[in-house]
Trainee: 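This is the structure I have questions about; it appears just below.
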Amino acid sequence: AIIPFKFVDHTHADAVVMLSNTPNGERIFQEIYGDTVLVLPYVMPGFILAKQIYGQLESINWTKIEGIILLNHGVFTFDDDAKKSYTKMIDLVSKAEDYFNQNYQLEKAVENTNQNAIPLKKLAQIRKLVSQTRQTPVLTTLNSSSLAKQFANNEAINRISQQGTLTPDHVIRTKRSPIIFDGLTDDSIQNQIENYKKEYRNYFENYASEHHKILDLAPRWGIFAPHGTIHFGKNLKECQIIEDISQHTMKSVLQAELVEKWQPLTSNNLFDLEYWELEQAKLKKTKQNLPFEGKIVLVTGAASGIGKACVTALRGQGAVVAALDINPKIEGLFGDKSILEIQCDMTDYQALNESVDKIVRTFGGLDSVISNAGIFSKSQTIEQMDETIWQQSLNINLTTHQKLIQLTTPYLKEGIDANIVIVGSKNVAAPGAGASAYSVAKAGLNQLARIASMELASFGIRVNTVHPNAVFDTAIWTEE
């Protein structure tokens, strides 16, 4: 409102903010822009900033100024023509980028590691502890890009990652700093979480006034060396926002270290913004949590019938869902980034194992399994039974469920309110003549579920069975 032009553009452009987060940022800007840009020290956004700018600009010759840079914050351009104001912004940012590129060279990032080397069970354990700290289920996404690995393995990571954010607004999304996992034993993970909570509480107590109420103590992202970085959010959108911010931050930190030294805004200034009511109001705009938000569910036989209905219902209640089916149409069926569509033959143990690993690598863990995949075998009397049909029913309707439970149990032990739902059949209690191959396999599955419930109860994993009847909109019913 104070700037006397019709159009005002404001960005937190990486190149400009990165240079301003070095000890001699103001001198560098003088070298780049001369007197065409007014450089002002950081002041918290709001009335105080407006008052400062008003005082600085009272006697300014606006015809000679192309923009204003607020150190540690961002850049403004302005004009009475919208396109000209936009062009000025592009020009100022491009000059900052050119300054770095002409004087410094960020070393080539390391190559991506083998995804199979990522300790997935530890990832699930971390997710559970962060969820408990935040007091709500969270997803955990992994960034194993070359940049993330380069940053995570930097020799100075304990210093450069803990100093602050790229620009103050980021603090409401990422907190002041990430957690560093520099050991992945059970005890070290727990200790690192506890240390992060203690440090955040100290940060709050150092700067809080009586009217402040402490936010949750949970980290929003972490250094997961040597594999990259991880990000914690109640849904994929929040995870993506945090990952985007951290990606920009990591590159800028490494660049600033080459220019001179990474020196972002001080903790007290970040606290003021993190606990500023107007910033917190941005987060409150998000919708109320859905019942299954932050939960991770695996559904088999997901391309039709009961399985498809489960995927749709659970996603509608906020869960992310891994949808498995042998039918190739599963890929692209739902068209939702929060639904991981995987074509998988449940009788292929290796493919099933890889699918479970992919789910944990994508979402950070596993909370629920709906074991639904099955076939209804061709009707034959016991006397006429074809051995192939009998064995096929046992393999698909019983053995694949046992394998699925076996593979998912290690992750369910690290799940949030973990549970398994077995989709049985009314034939368990009321079989029909000619359906022995199907009914016997389903009866065995029912017994498997009962034993699983006894074995897994001590780990807090519930196992239940539902026995549907007369469900015809499913691939189980064929002309054969």
Side-chain angles (χ1 to χ4, degrees), residues 113-144 148-149 151-163 174-205 214-234 239 242-243 246 294-296 356-357 359-367 406-419 455-462:
T113 52
N114 180 1
Q115 293 289 311
N116 295 327
I118 296 168
L120 296 177
K121 188 175 178 182
K122 297 302 180 182
L123 191 65
Q125 184 181 353
I126 289 170
R127 171 186 173 253
K128 182 175 184 178
L129 291 171
V130 171
S131 296
Q132 291 171 345
T133 302
R134 193 166 172 179
Q135 298 182 321
T136 190
V138 298
L139 308 177
T140 302
T141 59
L142 171 68
N143 179 0
S144 57
K149 289 165 53 58
F151 187 77
N153 294 289
N154 190 286
E155 292 181 356
I157 191 64
N158 289 321
R159 173 178 61 83
I160 62 176
S161 69
Q162 301 300 298
Q163 290 178 273
T174 65
K175 292 194 180 288
R176 189 178 69 88
S177 59
I179 185 171
I180 299 176
F181 293 103
D182 54 9
L184 292 178
T185 65
D186 292 352
D187 287 342
S188 66
I189 291 174
Q190 179 72 56
N191 290 338
Q192 285 151 9
I193 295 281
E194 291 302 319
N195 288 338
Y196 188 91
K197 291 161 61 176
K198 180 180 178 181
E199 288 173 5
Y200 187 83
R201 191 177 287 108
N202 290 338
Y203 159 77
F204 176 82
E205 292 173 353
I214 193 168
L215 302 172
D216 72 84
L217 306 177
R220 295 301 188 265
W221 67 296
I223 308 301
F224 192 55
H227 311 287
T229 58
I230 48 180
H231 322 88
F232 311 108
K234 292 186 291 184
C239 287
I242 294 168
E243 182 172 341
S246 66
K295 292 291 192 72
I296 305 165
V356 172
D357 285 354
I359 295 163
V360 178
R361 191 181 302 115
T362 302
F363 298 128
L366 187 61
D367 302 312
Q406 183 180 39
L407 288 171
T408 57
T409 291
Y411 300 116
L412 290 171
K413 287 179 179 179
E414 303 296 344
I416 312 298
D417 189 28
N419 58 83
E455 292 181 355
L456 300 178
S458 62
F459 300 102
I461 304 172
R462 293 176 287 108

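The structure presented is a predicted model; accordingly, all values stated were derived computationally and were not measured. Numbering starts at 1 and runs along the sequence shown.
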Trainee: Looking only at the side chains, is there a donor atom on one of Asp182 and Gln192 sitting less than 3.5 Å from an acceptor on the other?
Mentor: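 Checked: Asp182/Gln192 side chains pair up, N/O donor to acceptor below 3.5 Å.
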Trainee: In Å and rounded to the nearest 0.5 Å, what is the CD1 to CG distance from Ile359 to Leu366?
Mentor: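 Answer for the CD1-CG pair, Ile359 versus Leu366, is 6.5 Å.
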Trainee: Is it true that a side-chain atom of Asn153 and a backbone atom of Pro226 form a donor plus acceptor pair closer than 3.5 Å?
Mentor: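 Yes, because the side chain of Asn153 sits within donor-acceptor range (under 3.5 Å) of the backbone of Pro226.
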Trainee: Dump the intermediate steps for side chain to side chain contact (heavy atoms under 4.5 Å, CB included) on Gln125 and Leu184, then the final yes or no.
Mentor: CA-CA 10 Å; Gln125 184 181 353; Leu184 292 178; over 6 Å; no
Trainee: What residues form a ring-ring contact (aromatic ring centres under 6.0 Å, His included) with Phe224, not counting sequence neighbours?
Mentor: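 ring-ring contact (aromatic ring centres under 6.0 Å, His included) check on Phe224 returns His227.
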Trainee: Would you check if the side chain of Asp367 reaches a backbone N or O of Ile416 as a donor-acceptor pair within less than 3.5 Å?
Mentor: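 Yes, because the side chain of Asp367 sits within donor-acceptor range (under 3.5 Å) of the backbone of Ile416.
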Trainee: Which heavy atom of Gly228 sits nearest to which heavy atom of Ala152, and what is that distance?
Mentor: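 For Gly228 versus Ala152, the nearest heavy atoms are O-CB, 3.4 Å.
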Trainee: Which heavy atom in Gly365 sits nearest to a heavy atom in Ala124, and how many Å separate them?
Mentor: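 In this case the closest contact between Gly365 and Ala124 is CA-CB, 4.1 Å.
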Trainee: Let me see the working for Leu412 and Phe459 under side chain to side chain contact (heavy atoms under 4.5 Å, CB included), right down to the final yes or no.
Mentor: CA-CA 9 Å; Leu412 290 171; Phe459 300 102; over 6 Å; no
Trainee: Could you tell me the separation between the CZ atom of Arg127 and the CD atom of Glu414, rounded to the nearest 0.5 Å?
Mentor: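 One gets 10.5 Å once the value is rounded to the nearest 0.5 Å.
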Trainee: What's the spacing between Ile223 CD1 and Ile157 CD1 if we round to 0.5 Å?
Mentor: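 The distance works out to 4.0 Å.
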Trainee: Considering residues at least two apart in sequence or located in another chain, which fulfil the side-chain contact (heavy atoms from CB on, under 4.5 Å) criterion with Thr133?
Mentor: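 Testing Thr133 for side-chain contact (heavy atoms from CB on, under 4.5 Å), a comparison that skips the adjacent residues, returns Ile193, Lys197, Leu217, Ala218.
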Trainee: Mind checking what makes side chain to side chain donor-acceptor pair (under 3.5 Å) contact with Thr229, not counting sequence neighbours?
Mentor: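 Side chain to side chain donor-acceptor pair (under 3.5 Å) list for Thr229, sorted by chain: His231.
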Trainee: Would you please name every residue forming a salt bridge (charged side-chain N to carboxylate O under 4.0 Å, His left out) with Arg134, sequence neighbours left out?
Mentor: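 Arg134: salt bridge (charged side-chain N to carboxylate O under 4.0 Å, His left out) contacts with Glu238.
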Trainee: Report the C-alpha separation of Tyr411 and Asp357 in whole Å, then their side-chain angles, then the decisive distance to 0.1 Å, and conclude whether the side chain to side chain contact (heavy atoms under 4.5 Å, CB included) test is met.
Mentor: CA-CA 10 Å; Tyr411 300 116; Asp357 285 354; 3.4 Å; yes
Trainee: Closer than 3.5 angstrom, by distance alone: can the side chain of Arg220 be matched with the main-chain N or O of Gly233 as a donor-acceptor pair?
Mentor: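 Not confirmed, Arg220 side chain does not pair with Gly233 backbone.
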Trainee: Go through the structure and list residues passing salt bridge (charged side-chain N to carboxylate O under 4.0 Å, His left out) with Lys122, not counting sequence neighbours.
Mentor: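 Expected list: Asp186.
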Trainee: Using 0.5 Å steps for rounding, measure from the CD1 atom of Ile296 to the OG1 atom of Thr140.
Mentor: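 Result: 7.0 Å between the selected atoms.
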Trainee: Hey, what's the ring geometry for Tyr200 with Tyr203, parallel, tilted or perpendicular (30° and 60° as the breaks)?
Mentor: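 Tilted: the ring planes of Tyr200 and Tyr203 meet at 30° to 60°.
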Trainee: Which distance, rounded to the nearest 0.5 Å, do you find between the OG of Ser246 and the CD1 of Ile230?
Mentor: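 Nearest 0.5 Å value for the OG-CD1 distance: 11.0 Å.
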Trainee: Looking at every heavy atom in both Ser177 and Ser161, which two are closest together, and how far apart are they?
Mentor: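 Closest approach of Ser177 to Ser161: CB-O, 3.6 Å.
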Trainee: Residues two or more places apart in sequence or in another chain: which of them pass side-chain contact (heavy atoms from CB on, under 4.5 Å) with Glu205?
Mentor: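 Applying side-chain contact (heavy atoms from CB on, under 4.5 Å) to Glu205 gives Arg201, Asn202.
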Trainee: Roughly how far, to the nearest 0.5 Å, is the OG1 atom of Thr141 from the CZ atom of Phe232?
Mentor: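 Phe232 CZ to Thr141 OG1: 9.0 Å, rounded to 0.5 Å.
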Trainee: Can you confirm whether Asp216 sits close enough to Lys175 that some side-chain heavy atom of one is under 4.5 Å from a side-chain heavy atom of the other?
Mentor: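 Answer yes - side chains close enough.
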